[in-house]
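What follows is a single structure, written as structure tokens, with notes after it.
The chain is numbered in sequence order, starting from 1.
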Amino acid sequence: MKRRVAREIAFKLTYEMVMTGQFNPETLNELLDGEVDCDSVNYINGLTSGISEHLDELKSAIVKYAKGYEYDRIYKTDLALLLLACYEIKYTDTPHAVVANEVVEIAKAYSDVKSHAFINGILASVISEVANG
């Protein structure tokens, strides 16, 4: 499974967590649709557990740069994408530009027409903060 597909599955799981308050392992099995690639499953599980572990920090980072938007007022799809991307940017060694580009592309497919620009702006600020320490 390509990393992009695995990231999209992690996004769907994160969206479910945003909506219900928890990750559901049964959903992962459904999304994998019988395709079990250990590296991809480990990657997805690493993202979802990392998001859970650092949820408060990730929320703070999003709110810090979502000027004029309260956390609860951000579209849930955008919020799931931002949580996923902020976790990857802050806590993994995945190149920041790759994360931002792929999340923006997922936003174009799943969210509002203007969401990709909103998400890109927040991610640019998070990337800048991480790069500057």
Side-chain angles (χ1 to χ4, degrees):
M1 168 183 311
K2 291 185 177 185
R3 185 57 56 103
R4 165 83 187 257
V5 173
R7 186 175 283 111
E8 192 168 335
I9 289 172
F11 151 68
K12 291 175 181 177
L13 291 166
T14 304
Y15 177 78
E16 181 179 47
M17 184 274 303
V18 167
M19 297 302 290
T20 67
Q22 62 185 6
F23 286 105
N24 184 347
E26 291 175 17
T27 303
L28 175 58
N29 292 333
E30 290 176 19
L31 292 171
L32 289 173
D33 194 35
E35 184 180 336
V36 180
D37 168 2
C38 288
D39 288 338
S40 295
V41 172
N42 289 338
Y43 170 73
I44 293 165
N45 285 332
L47 291 176
T48 56
S49 65
I51 291 167
S52 292
E53 183 178 330
H54 297 282
L55 188 58
D56 291 336
E57 298 163 49
L58 298 171
K59 285 180 179 180
S60 294
I62 293 167
V63 168
K64 181 177 180 179
Y65 296 113
K67 298 185 181 358
Y69 290 88
E70 295 177 29
Y71 184 82
D72 293 333
R73 303 249 347 203
I74 298 172
Y75 290 141
K76 301 307 182 210
T77 305
D78 297 355
L79 197 51
L81 289 165
L82 287 166
L83 288 168
L84 176 65
C86 286
Y87 174 76
E88 273 199 275
I89 290 166
K90 290 172 120 347
Y91 300 104
T92 73
D93 60 357
T94 306
H96 301 155
V98 170
V99 173
N101 288 337
E102 288 194 3
V103 166
V104 165
E105 290 304 312
I106 294 170
K108 289 177 182 177
Y110 287 94
S111 199
D112 187 71
V113 175
K114 295 181 181 180
S115 290
H116 69 280
F118 174 74
I119 291 168
N120 195 44
I122 291 174
L123 295 182
S125 297
V126 171
I127 290 168
S128 177
E129 178 181 291
V130 168
N132 295 326

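Salt bridge absent: Arg73 and Glu70 never bring a charged side-chain N and a carboxylate O closer than 4.0 Å.
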Run the side chain to side chain contact (heavy atoms under 4.5 Å, CB included) test on Ser40 and Val5 for me, step by step, so that the C-alpha distance in whole Å, both residues' side-chain angles and the decisive distance to 0.1 Å come before the verdict.
CA-CA 9 Å; Ser40 295; Val5 173; over 6 Å; no
Walk me through whether Tyr91 and Glu57 qualify under side chain to side chain donor-acceptor pair (under 3.5 Å).
CA-CA 11 Å; Tyr91 300 104; Glu57 298 163 49; 2.3 Å; yes
Where do Phe11 and Thr77 land on the side chain to side chain contact (heavy atoms under 4.5 Å, CB included) test, with the steps shown first?
CA-CA 9 Å; Phe11 151 68; Thr77 305; 3.7 Å; yes
Does the side chain to side chain contact (heavy atoms under 4.5 Å, CB included) test come out yes or no for Arg4 and Glu105, once each step is laid out?
CA-CA 10 Å; Arg4 165 83 187 257; Glu105 290 304 312; 3.5 Å; yes
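In this structure, Ile106 CD1 and Ser115 OG are separated by 13.5 Å, a value rounded to the nearest 0.5 Å. A distance of 5.5 Å separates CD1 in Ile9 from CG in Leu31, rounded to the nearest 0.5 Å. Once rounded to the nearest 0.5 Å, the distance linking CG of Leu81 with CG of Asn120 reads 12.0 Å. Considering NE2 of His54 and CG of Leu83, their distance stands at 12.5 Å, rounded to 0.5 Å. Note that CG of Leu79 is 8.0 Å distant from NZ of Lys59, once rounded to the nearest 0.5 Å. Atom-to-atom distance recorded for Ile89:CD1 and Ser128:OG is 11.0 Å, nearest 0.5 angstrom.
Counting only heavy atoms from C-beta outward, the side chains of Asp112 and Phe118 never approach each other to under 4.5 Å. The side-chain heavy atoms of Ile62 and Cys86, taken from C-beta on, include a pair separated by under 4.5 Å.
Summarising the local packing, OH of Tyr75 is surrounded by 12 or fewer heavy atoms from other residues, nucleotides or ligands at distances under 6.0 Å. By the 6.0 Å contact criterion, OH on Tyr65 is enclosed, its count of non-hydrogen atoms from other residues, nucleotides or ligands being greater than 12.
Using modelled atom types, one side-chain atom of Thr92 and one backbone atom of Glu88 make a donor-acceptor pair closer than 3.5 Å. The main-chain N or O of Ile74 is never found under 3.5 Å from a side-chain atom of Asp78 such that the two would form a donor-acceptor pair. In this structure a side-chain-to-backbone donor-acceptor pair under 3.5 Å is present from Asp37 to Met1. Side chain of Asn45 to main chain of Val41: a donor-acceptor pair is present (N/O by atom type, distance under 3.5 Å, no hydrogens or angles).
Here the shortest heavy-atom pairing between Leu84 and Ala10 reads CD1-CB, 4.0 Å. Nearest heavy atom pair, residue Leu13 against residue Leu28, reads CD2-N, 3.7 Å. A pairwise comparison of heavy atoms in Leu55 and Met17 identifies CD1-CE, 4.2 Å as the closest pair.
Each side-chain hydrogen bond (donor to acceptor under 3.5 Å, both in side chains) pair with one or both residues in residues 9-18, not counting sequence neighbours, appears once here: Lys12-Tyr110, Glu16-Thr27. Listed by first then second residue, pairs satisfying salt bridge (Lys or Arg N to Asp or Glu O under 4.0 Å) with a partner in residues 124-133 read Lys64-Glu129, Lys90-Glu129, not counting sequence neighbours.
In this structure, Val98 is not a member of the same hydrophobic cluster as Ile119, with clusters built from ILVMFWY side-chain heavy atoms closer than 4.5 Å.
Listed by chain and residue number, nothing satisfies the salt bridge (Lys or Arg N to Asp or Glu O under 4.0 Å) test with Lys76 (two or more places apart in sequence, or in another chain).
Exactly one residue among Val126, Asn101, Ile127, Leu123 makes a side-chain contact (heavy atoms from CB on, under 4.5 Å) with His96. That residue is Ile127.
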